[in-house]
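What's counted below: heavy atoms across the whole structure, side chains too, no hydrogens, waters or symmetry copies.
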2 protein chains.
Amino acid sequence: MTAPALAARARLFAALGDPARLAMVERVAAGPVSVSALARPLSLSLAAAVQHIQILERTGLLRTEKQGRVRLCRLEPQALRTVEDWLTERRTAWNSAFDRLADLLTQPEPSRPE
Amino acid sequence: MTAPALAARARLFAALGDPARLAMVERVAAGPVSVSALARPLSLSLAAAVQHIQILERTGLLRTEKQGRVRLCRLEPQALRTVEDWLTERRTAWNSAFDRLADLLTQPEPSRPE
DNA sequence: AAAATACTTAAATTTTCACTTGACTATCCA
DNA sequence: TGGATAGTCAAGTGAAAATTTAAGTATTTT
């Protein structure tokens, strides 16, 4: 599995970037939920909730399955791992940023920025 | 330091949810950069770049400092740790989701969803 | 001192988003 | 069977967001 392109990662972050959707993800992380159980605590209409859920589904954050007249939503942990991987990539960089800072404090030779 | 409220975390994700800003964060993670060095590879006007940078600054993802006529942008690793912390919180939950799945496979007593 | 560089600011425009409304379908329960 | 429940779909609306434009300031550089 190859790392998603920047645009795809941005869509993932954007999906988490709405308070309603973030709350939904948190709720779904605790276990499977129906659409109305996601909508109710957020005072969202069902129609609005469905639209958020579609976005979360498209970005791979959750997967749904219809059982009778109820649609069950489950977390797709894979997507959150993508976020983890991205952080890991950055961590290397920002650690070396700390290293450079440490260098500055010991030997006064700043690396010239672009 | 207390965990940011849901709304604040959503704003953080939203800041990363724009392709231009995500690219900027990746670039800044590699070391300090000027505003134009951030704008150029993205084919953004300076004015547009400045506005993105302001958003990244407000959400705490970076900090800037003017040196002469150049404004230098640096990563603020603290903000990315907030994302890490959020993932850690969810990980517990989604691991126990896996546990429940394992339970299902061994003993056929599904936990009823809401 | 003059020209070029590197932003800054505000206002106008375009585009995208979240949400609503209203009508409709499928399932469950009494 | 009939009514309530759970969700679906397609427009339409309003507000927020991203980008452009245009004019201005501060700092080099020559």
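Contacts of B:Ala14 classified as side chain to side chain contact (heavy atoms under 4.5 Å, CB included), with partners at least two apart in sequence or in another chain: none. Judged as a side chain to side chain contact (heavy atoms under 4.5 Å, CB included), and not counting sequence neighbours, the contacts of A:Ala7 are A:Arg11. By the salt bridge (Lys or Arg N to Asp or Glu O under 4.0 Å) test, A:Arg9 is found to be paired with B:Glu26, residues two or more places apart in sequence or in another chain being considered. Applying the side chain to side chain contact (heavy atoms under 4.5 Å, CB included) criterion to A:Leu42, with sequence neighbours excluded, gives A:Ala20, A:Ala23, A:Met24, A:Leu44. Remark: A:Thr64 engages A:Glu57, A:Arg71 in a side-chain hydrogen bond (donor to acceptor under 3.5 Å, both in side chains) (not counting sequence neighbours). In this structure, the side chain to side chain contact (heavy atoms under 4.5 Å, CB included) partners of B:Arg63, at least two apart in sequence or on a different chain, are B:Arg74, B:Glu76.
Nucleotides of DNA chain D that come within less than 4.0 Å of any heavy atom of chain A span, from the 5' end to the 3' end, D:dA4 to D:dC9. If you walk DNA chain C from 5' to 3' and mark each nucleotide with an atom closer than 4.0 Å to a heavy atom of chain A, the marks span C:dA18 to C:dC28.
The side-chain hydrogen bond (donor to acceptor under 3.5 Å, both in side chains) analysis of residues 44-55 of chain B, with sequence neighbours excluded, yields the pairs B:Arg21-B:His52. Here ring pair (Phe, Tyr, Trp, His ring centres under 6.0 Å) pairs that include residues 5-27 of chain B, with residues two or more places apart or in two chains, are B:Phe13-B:Trp86.
Of the two residues contacting DNA chain D, namely B:Ala47 and A:Ala47, the nearest-nucleotide position lying further toward the 5' end is that of A:Ala47. Both A:Ser43 and A:Gly68 lie near DNA chain C, and the one whose nearest nucleotide falls closer to the 5' end is A:Ser43. When each of A:Arg69 and A:Leu44 is assigned the nucleotide of DNA chain C bearing its nearest heavy atom, the one mapping closer to the 5' terminus is A:Leu44.
With the end axes of the helix from C:dA1-D:dT30 to C:dA30-D:dT1 each set by five pairs, the angle from one to the other reads 30° at 10° resolution.
A:Cys73 approaches A:Leu38 most closely through the heavy-atom pair SG-CD1, 4.0 Å. Between A:Pro32 and A:Arg27, the shortest heavy-atom distance links the atoms O-NH2, 4.4 Å. Taking each heavy atom of B:Ala39 and B:Leu46 in turn, the nearest pair found is CB-CD1, 4.1 Å.
B:Leu61 has its side chain out of reach of B:Val28: every pair of non-hydrogen atoms, C-beta onward, lies at least 4.5 Å apart.
Among the atoms of the strands shown, none is found under 4.0 Å from any heavy atom of A:Ala20.
For the contact set between residues 50-62 of chain B and DNA chain C, defined by any heavy atom under 4.0 Å, the members are B:Val50.
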inquiry  = What verdict does the side-chain contact (heavy atoms from CB on, under 4.5 Å) test give for B:Ile55 and B:Asp18, after you've listed the backbone C-alpha separation in whole Å, the side-chain angles of each residue and the deciding distance to 0.1 Å?
reply    = CA-CA 11 Å; B:Ile55 289 169; B:Asp18 177 275; over 6 Å; no
